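Everything on this sheet refers to the single structure shown next.
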Amino acid sequence: MRILITGAGRAIGAATASVLTARHHQVVATARDLDALDEVDAAQRLPLDVTDAESVRGALSAAGELDAIVNNAAIAISGPLEGFPLDRLREMFETNCLGPLRLVQAVAPGWRARGSGVIVNVSSIQGRIATPLEGPYAATKFALEAFSETLHYELSHFGIRTVIIQPGYTAPGMKPSAPHQGPAAYGELWDQWSGTAETVVGPAGRTRPEVVAHAIADAIEDPATPLRVPVGADAELVFSIRAAQDDATFEATMRSTLRITW
(Lines give C-alpha, C1' and ligand atoms only; values in the text may rest on other atoms or scores of the structure.)
Protein backbone atom coordinates (compact mmCIF):
# COMPACT_ATOMS: atom_id res chain seq x y z
CA MET A 1 0.00 0.00 0.00
CA ARG A 2 1.07 3.59 -0.57
CA ILE A 3 0.60 5.54 2.66
CA LEU A 4 1.09 9.23 3.43
CA ILE A 5 1.99 10.24 7.00
CA THR A 6 1.79 13.81 8.30
CA GLY A 7 4.07 14.98 11.08
CA ALA A 8 6.54 12.23 10.19
CA GLY A 9 9.66 14.02 11.38
CA ARG A 10 9.80 12.60 14.90
CA ALA A 11 8.24 10.40 17.58
CA ILE A 12 5.05 8.58 16.49
CA GLY A 13 5.24 9.83 12.90
CA ALA A 14 8.84 8.73 12.32
CA ALA A 15 8.26 5.41 14.06
CA THR A 16 5.19 4.76 11.92
CA ALA A 17 7.19 5.42 8.77
CA SER A 18 9.81 2.87 9.88
CA VAL A 19 7.27 0.22 10.84
CA LEU A 20 5.26 0.57 7.63
CA THR A 21 8.42 0.50 5.52
CA ALA A 22 9.56 -2.66 7.33
CA ARG A 23 6.17 -4.18 6.47
CA HIS A 24 6.91 -3.49 2.79
CA HIS A 25 4.55 -0.56 2.29
CA GLN A 26 5.49 2.53 0.29
CA VAL A 27 5.65 5.42 2.74
CA VAL A 28 5.29 9.08 1.80
CA ALA A 29 6.69 10.93 4.81
CA THR A 30 5.67 14.56 5.19
CA ALA A 31 6.40 17.38 7.61
CA ARG A 32 6.22 21.15 7.65
CA ASP A 33 10.04 21.23 7.75
CA LEU A 34 11.47 18.99 5.03
CA ASP A 35 14.85 18.85 6.83
CA ALA A 36 13.16 17.03 9.71
CA LEU A 37 12.66 14.06 7.40
CA ASP A 38 16.33 13.49 6.56
CA GLU A 39 16.61 10.36 8.73
CA VAL A 40 13.08 9.07 8.22
CA ASP A 41 12.72 5.68 6.54
CA ALA A 42 10.42 6.38 3.59
CA ALA A 43 10.05 5.92 -0.16
CA GLN A 44 9.33 9.62 -0.61
CA ARG A 45 9.74 12.72 1.55
CA LEU A 46 7.67 15.85 0.96
CA PRO A 47 7.07 19.20 2.67
CA LEU A 48 3.50 19.54 3.88
CA ASP A 49 1.82 22.16 6.02
CA VAL A 50 -1.61 20.75 6.82
CA THR A 51 -2.93 24.23 7.62
CA ASP A 52 -2.28 25.44 4.06
CA ALA A 53 -4.59 24.29 1.27
CA GLU A 54 -2.02 24.95 -1.45
CA SER A 55 0.62 22.96 0.43
CA VAL A 56 -1.83 20.06 0.75
CA ARG A 57 -2.62 20.14 -2.97
CA GLY A 58 1.05 20.24 -3.88
CA ALA A 59 2.01 17.36 -1.59
CA LEU A 60 -0.85 15.14 -2.73
CA SER A 61 -0.05 15.84 -6.37
CA ALA A 62 3.60 14.87 -5.80
CA ALA A 63 2.67 11.80 -3.78
CA GLY A 64 0.43 10.29 -6.44
CA GLU A 65 -2.36 7.82 -5.75
CA LEU A 66 -2.60 6.82 -2.10
CA ASP A 67 -4.20 3.87 -0.34
CA ALA A 68 -4.13 5.36 3.17
CA ILE A 69 -3.33 8.52 5.09
CA VAL A 70 -2.13 8.82 8.68
CA ASN A 71 -3.09 12.19 10.16
CA ASN A 72 -0.47 12.51 12.87
CA ALA A 73 0.68 16.16 12.73
CA ALA A 74 -0.32 18.01 15.90
CA ILE A 75 0.71 20.70 18.34
CA ALA A 76 -0.05 20.95 22.05
CA ILE A 77 -0.07 24.12 24.13
CA SER A 78 -0.94 23.87 27.81
CA GLY A 79 -2.53 26.49 30.02
CA PRO A 80 -5.65 27.49 31.93
CA LEU A 81 -8.58 28.42 29.71
CA GLU A 82 -9.03 31.72 31.52
CA GLY A 83 -7.24 34.17 29.27
CA PHE A 84 -5.86 31.51 26.94
CA PRO A 85 -4.88 33.36 23.73
CA LEU A 86 -7.51 32.61 21.11
CA ASP A 87 -5.00 32.96 18.28
CA ARG A 88 -2.97 30.10 19.77
CA LEU A 89 -6.15 28.06 20.17
CA ARG A 90 -7.04 28.67 16.52
CA GLU A 91 -3.54 27.54 15.55
CA MET A 92 -4.08 24.28 17.41
CA PHE A 93 -7.47 23.68 15.80
CA GLU A 94 -6.02 24.41 12.35
CA THR A 95 -3.27 21.82 12.81
CA ASN A 96 -4.91 19.17 14.98
CA CYS A 97 -8.44 19.16 13.63
CA LEU A 98 -8.96 21.10 10.41
CA GLY A 99 -5.65 19.89 8.98
CA PRO A 100 -6.71 16.22 9.02
CA LEU A 101 -10.12 17.12 7.59
CA ARG A 102 -8.43 19.15 4.84
CA LEU A 103 -6.51 16.03 3.76
CA VAL A 104 -9.59 13.84 3.95
CA GLN A 105 -11.57 16.26 1.79
CA ALA A 106 -8.78 16.18 -0.78
CA VAL A 107 -8.58 12.39 -1.11
CA ALA A 108 -12.19 11.36 -0.43
CA PRO A 109 -13.66 12.01 -3.91
CA GLY A 110 -11.13 9.78 -5.64
CA TRP A 111 -11.32 7.09 -2.99
CA ARG A 112 -15.12 7.17 -3.11
CA ALA A 113 -15.03 6.65 -6.87
CA ARG A 114 -12.72 3.65 -6.64
CA GLY A 115 -14.36 2.22 -3.48
CA SER A 116 -11.41 1.98 -1.09
CA GLY A 117 -9.11 3.91 1.25
CA VAL A 118 -8.05 4.06 4.89
CA ILE A 119 -8.02 7.15 7.12
CA VAL A 120 -6.08 6.86 10.38
CA ASN A 121 -6.51 9.84 12.68
CA VAL A 122 -4.12 9.96 15.62
CA SER A 123 -6.03 11.25 18.61
CA SER A 124 -5.02 10.93 22.27
CA ILE A 125 -6.19 9.85 25.67
CA GLN A 126 -7.13 13.54 25.80
CA GLY A 127 -9.54 12.96 22.95
CA ARG A 128 -11.94 11.29 25.38
CA ILE A 129 -10.98 12.70 28.78
CA ALA A 130 -10.15 16.37 29.39
CA THR A 131 -7.86 17.36 32.24
CA PRO A 132 -6.77 20.58 33.96
CA LEU A 133 -4.40 22.79 31.94
CA GLU A 134 -4.76 20.60 28.85
CA GLY A 135 -8.18 21.91 27.83
CA PRO A 136 -7.07 23.52 24.55
CA TYR A 137 -5.37 20.34 23.32
CA ALA A 138 -8.22 18.15 24.55
CA ALA A 139 -10.74 20.35 22.73
CA THR A 140 -8.96 19.80 19.42
CA LYS A 141 -8.77 16.05 19.95
CA PHE A 142 -12.41 15.81 21.06
CA ALA A 143 -13.29 17.61 17.81
CA LEU A 144 -11.04 15.32 15.77
CA GLU A 145 -12.80 12.30 17.23
CA ALA A 146 -16.19 13.80 16.41
CA PHE A 147 -15.12 14.40 12.82
CA SER A 148 -13.71 10.88 12.65
CA GLU A 149 -16.86 9.25 13.96
CA THR A 150 -18.96 11.12 11.41
CA LEU A 151 -16.52 10.20 8.62
CA HIS A 152 -16.88 6.57 9.68
CA TYR A 153 -20.64 6.73 9.20
CA GLU A 154 -20.48 8.71 5.96
CA LEU A 155 -17.55 7.10 4.15
CA SER A 156 -17.75 3.44 5.15
CA HIS A 157 -20.67 3.17 2.71
CA PHE A 158 -18.13 3.80 -0.07
CA GLY A 159 -15.54 1.31 1.19
CA ILE A 160 -13.43 3.92 3.00
CA ARG A 161 -12.40 2.96 6.53
CA THR A 162 -11.77 5.44 9.35
CA VAL A 163 -9.81 4.51 12.48
CA ILE A 164 -9.06 6.63 15.55
CA ILE A 165 -5.80 5.78 17.34
CA GLN A 166 -5.82 6.86 21.01
CA PRO A 167 -2.31 6.77 22.48
CA GLY A 168 -1.72 7.31 26.15
CA TYR A 169 1.38 9.17 27.26
CA THR A 170 4.28 8.41 24.91
CA ALA A 171 7.98 9.16 25.01
CA PRO A 172 9.20 11.03 23.18
CA GLY A 173 6.01 12.94 22.64
CA MET A 174 5.27 15.91 20.44
CA LYS A 175 7.68 18.76 19.92
CA PRO A 176 7.27 20.95 23.02
CA SER A 177 5.52 24.31 22.73
CA ALA A 178 5.76 27.19 25.17
CA PRO A 179 2.84 26.98 27.62
CA HIS A 180 0.45 29.76 28.48
CA GLN A 181 1.04 30.21 32.20
CA GLY A 182 -2.06 32.28 32.81
CA PRO A 183 -2.72 34.32 35.98
CA ALA A 184 -0.55 33.73 39.04
CA ALA A 185 -3.65 32.37 40.79
CA TYR A 186 -3.13 29.12 38.86
CA GLY A 187 0.39 28.57 40.17
CA GLU A 188 -0.70 25.96 42.69
CA LEU A 189 -2.56 24.02 40.00
CA TRP A 190 0.56 23.97 37.84
CA ASP A 191 2.53 22.62 40.83
CA GLN A 192 -0.01 19.91 41.61
CA TRP A 193 -0.49 18.82 38.01
CA SER A 194 3.23 18.59 37.27
CA GLY A 195 4.31 14.96 37.18
CA THR A 196 0.81 13.47 37.12
CA ALA A 197 1.53 11.77 33.79
CA GLU A 198 4.24 9.69 35.42
CA THR A 199 1.76 8.61 38.09
CA VAL A 200 -0.70 7.49 35.41
CA VAL A 201 1.83 5.46 33.43
CA GLY A 202 3.27 3.83 36.53
CA PRO A 203 6.67 2.13 36.91
CA ALA A 204 6.61 0.77 33.36
CA GLY A 205 6.99 4.31 32.05
CA ARG A 206 5.54 5.93 28.97
CA THR A 207 4.64 3.94 25.88
CA ARG A 208 7.27 3.96 23.17
CA PRO A 209 6.24 5.45 19.80
CA GLU A 210 7.00 2.13 18.10
CA VAL A 211 4.09 0.55 20.00
CA VAL A 212 1.75 3.20 18.61
CA ALA A 213 3.28 2.74 15.16
CA HIS A 214 2.50 -0.98 15.15
CA ALA A 215 -1.08 -0.22 16.20
CA ILE A 216 -1.37 2.19 13.26
CA ALA A 217 0.09 -0.36 10.84
CA ASP A 218 -2.26 -3.06 12.14
CA ALA A 219 -5.23 -0.71 11.70
CA ILE A 220 -4.28 -0.02 8.09
CA GLU A 221 -3.79 -3.69 7.25
CA ASP A 222 -6.74 -5.20 9.13
CA PRO A 223 -10.24 -4.35 7.81
CA ALA A 224 -11.75 -5.67 11.07
CA THR A 225 -10.11 -2.91 13.14
CA PRO A 226 -12.71 -1.12 15.30
CA LEU A 227 -13.34 2.61 15.06
CA ARG A 228 -11.30 3.40 18.20
CA VAL A 229 -8.02 1.77 19.18
CA PRO A 230 -6.56 2.71 22.60
CA VAL A 231 -2.78 2.24 22.75
CA GLY A 232 -0.78 1.86 25.94
CA ALA A 233 -1.61 0.39 29.33
CA ASP A 234 -2.41 3.84 30.71
CA ALA A 235 -4.95 4.60 27.98
CA GLU A 236 -6.64 1.22 28.36
CA LEU A 237 -6.81 1.57 32.15
CA VAL A 238 -8.13 5.14 32.17
CA PHE A 239 -10.72 4.44 29.48
CA SER A 240 -11.99 1.34 31.30
CA ILE A 241 -12.34 3.24 34.57
CA ARG A 242 -14.05 6.17 32.86
CA ALA A 243 -16.54 3.87 31.14
CA ALA A 244 -17.48 2.26 34.46
CA GLN A 245 -17.94 5.46 36.48
CA ASP A 246 -20.18 8.50 36.40
CA ASP A 247 -18.69 12.00 36.28
CA ALA A 248 -18.51 12.57 40.02
CA THR A 249 -17.04 9.15 40.79
CA PHE A 250 -14.43 9.46 38.06
CA GLU A 251 -13.41 12.91 39.29
CA ALA A 252 -13.05 11.58 42.83
CA THR A 253 -10.97 8.66 41.57
CA MET A 254 -8.73 10.97 39.56
CA ARG A 255 -8.23 13.37 42.47
CA SER A 256 -7.40 10.56 44.85
CA THR A 257 -5.02 8.76 42.49
CA LEU A 258 -3.18 11.92 41.44
CA ARG A 259 -3.39 13.63 44.84
CA ILE A 260 -5.07 16.69 43.41
CA THR A 261 -6.62 18.99 46.00
CA TRP A 262 -7.22 21.96 43.68
Side-chain angles (χ1 to χ4, degrees), residues 1-14 16-17 20-21 25-77 85-114 116-124 136-137 139-148 150-151 154-155 158 160-165 174-178 216 220:
M1 300 174 72
R2 189 163 179 83
I3 304 162
L4 183 143
I5 306 170
T6 70
R10 67 188 308 277
I12 291 173
T16 301
L20 288 171
T21 297
H25 297 291
Q26 291 184 343
V27 172
V28 181
T30 73
R32 185 176 297 182
D33 179 9
L34 187 59
D35 291 340
L37 301 172
D38 286 347
E39 304 300 321
V40 174
D41 194 0
Q44 188 176 12
R45 302 172 186 84
L46 297 171
L48 172 57
D49 179 353
V50 298
T51 71
D52 184 279
E54 189 58 39
S55 178
V56 169
R57 281 192 291 270
L60 291 179
S61 175
E65 188 168 355
L66 299 169
D67 300 295
I69 56 173
V70 179
N71 283 310
N72 172 69
I75 55 176
I77 305 171
L86 295 186
D87 59 338
R88 300 189 79 187
L89 184 59
R90 290 189 187 96
E91 179 187 6
M92 292 174 66
F93 269 98
E94 280 287 346
T95 300
N96 300 2
C97 187
L98 298 182
L101 183 58
R102 186 173 285 112
L103 256 72
V104 170
Q105 289 180 339
V107 301
W111 287 4
R112 174 166 47 78
R114 79 181 185 197
S116 66
V118 185
I119 300 161
V120 178
N121 289 334
V122 180
S123 180
S124 164
Y137 179 69
T140 67
K141 292 301 187 179
F142 267 65
L144 177 63
E145 295 216 6
F147 277 162
S148 301
T150 296
L151 289 169
E154 294 177 349
L155 297 181
F158 303 110
I160 301 171
R161 293 195 295 118
T162 303
V163 178
I164 305 166
I165 301 293
M174 290 178 292
K175 184 178 180 179
S177 298
I216 292 172
I220 292 172

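Each residue takes its place number in the sequence, starting with 1. Because the structure is a prediction, the values reported are computed rather than measured.
Scanning all heavy atoms of the two residues, the minimum distance from Met1 to Val118 falls at CE-CG2, 4.4 Å. Arg161 and Ile220 get closest at one heavy-atom pair: NH2-O, 2.8 Å. Across all non-hydrogen atoms, the minimal contact from Ala14 to Gly9 is CB-C, 4.1 Å. Heavy atoms only, all atoms of each residue included: Ala31 and Ala8 are closest at CB-N, 4.5 Å. Here the closest heavy-atom approach between residue Ala106 and residue Leu60 is recorded as CB-CD1, 3.3 Å. Residues Glu145 and Ser124 approach most closely at OE2-O, 4.0 Å, considering heavy atoms.
One finds a salt bridge joining Glu54 and Arg57 here, because a Lys/Arg side-chain nitrogen approaches an Asp/Glu carboxylate oxygen to under 4.0 Å. Ion pairing between a basic and an acidic side chain is recognised when a charged N comes within 4.0 Å of a carboxylate O; Glu94 and Arg102 show such pairing. The pair Arg32-Asp49 meets the salt-bridge criterion, with a side-chain N (NZ, NE, NH1 or NH2) lying under 4.0 Å from an Asp/Glu carboxylate O.
Between the Ser123 side chain and the Ile164 main chain, no donor and acceptor come within less than 3.5 Å of each other. With hydrogens and angles disregarded, no donor-acceptor distance shorter than 3.5 Å links the side chain of Thr30 to the backbone of Pro47. With hydrogens and angles disregarded, no donor-acceptor distance shorter than 3.5 Å links the side chain of Asn121 to the backbone of Asn71. Counting only distance, with no hydrogens or angles, the side chain of Arg45 and the backbone of Val40 share a donor-acceptor pair below 3.5 Å.
Summarising the geometry, atom CG belonging to Leu66 is positioned 5.5 Å from atom CG belonging to Leu4; distances are rounded to the nearest 0.5 Å. The CH2 atom of Trp111 sits 9.5 Å away from atom CG of Leu155, with the distance rounded to the nearest 0.5 Å. Note that OG1 of Thr140 is 11.5 Å distant from CD of Glu91, once rounded to the nearest 0.5 Å. If you take CD1 on Ile75 and CZ on Arg88, they are separated by 8.5 Å, rounding to the nearest 0.5 Å. The distance from atom CG of Leu48 to atom CG of Leu103, rounded to the nearest 0.5 Å, is 6.0 Å. Note that CG of Asp38 and CG of Asp33 are 8.5 Å apart. Values are rounded to the nearest 0.5 Å.
Between Asn96 and Leu144 there is no side-chain heavy-atom pair separated by less than 4.5 Å. At least one side-chain heavy atom of Leu98 sits less than 4.5 Å from a side-chain heavy atom of Phe147. Side-chain contact between Val70 and Ile3 is present, with at least one heavy-atom pair separated by less than 4.5 Å. Looking only at side-chain heavy atoms (C-beta outward), Ile77 and Pro136 stay at 4.5 Å or farther from each other.
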Evaluation steps, side chain to side chain contact (heavy atoms under 4.5 Å, CB included), between Arg2 and Val28: CA-CA 7 Å; Arg2 189 163 179 83; Val28 181; 3.6 Å; yes

Verdict with reasoning, Thr95 to Val50, per side chain to side chain contact (heavy atoms under 4.5 Å, CB included): CA-CA 6 Å; Thr95 300; Val50 298; 4.3 Å; yes

Ile216 vs Asn72, side chain to side chain contact (heavy atoms under 4.5 Å, CB included): CA-CA, chis, key distance, verdict: CA-CA 10 Å; Ile216 292 172; Asn72 172 69; 5.7 Å; no

Stepwise side chain to side chain contact (heavy atoms under 4.5 Å, CB included) test for Val104 and Thr162: CA-CA 10 Å; Val104 170; Thr162 303; over 6 Å; no

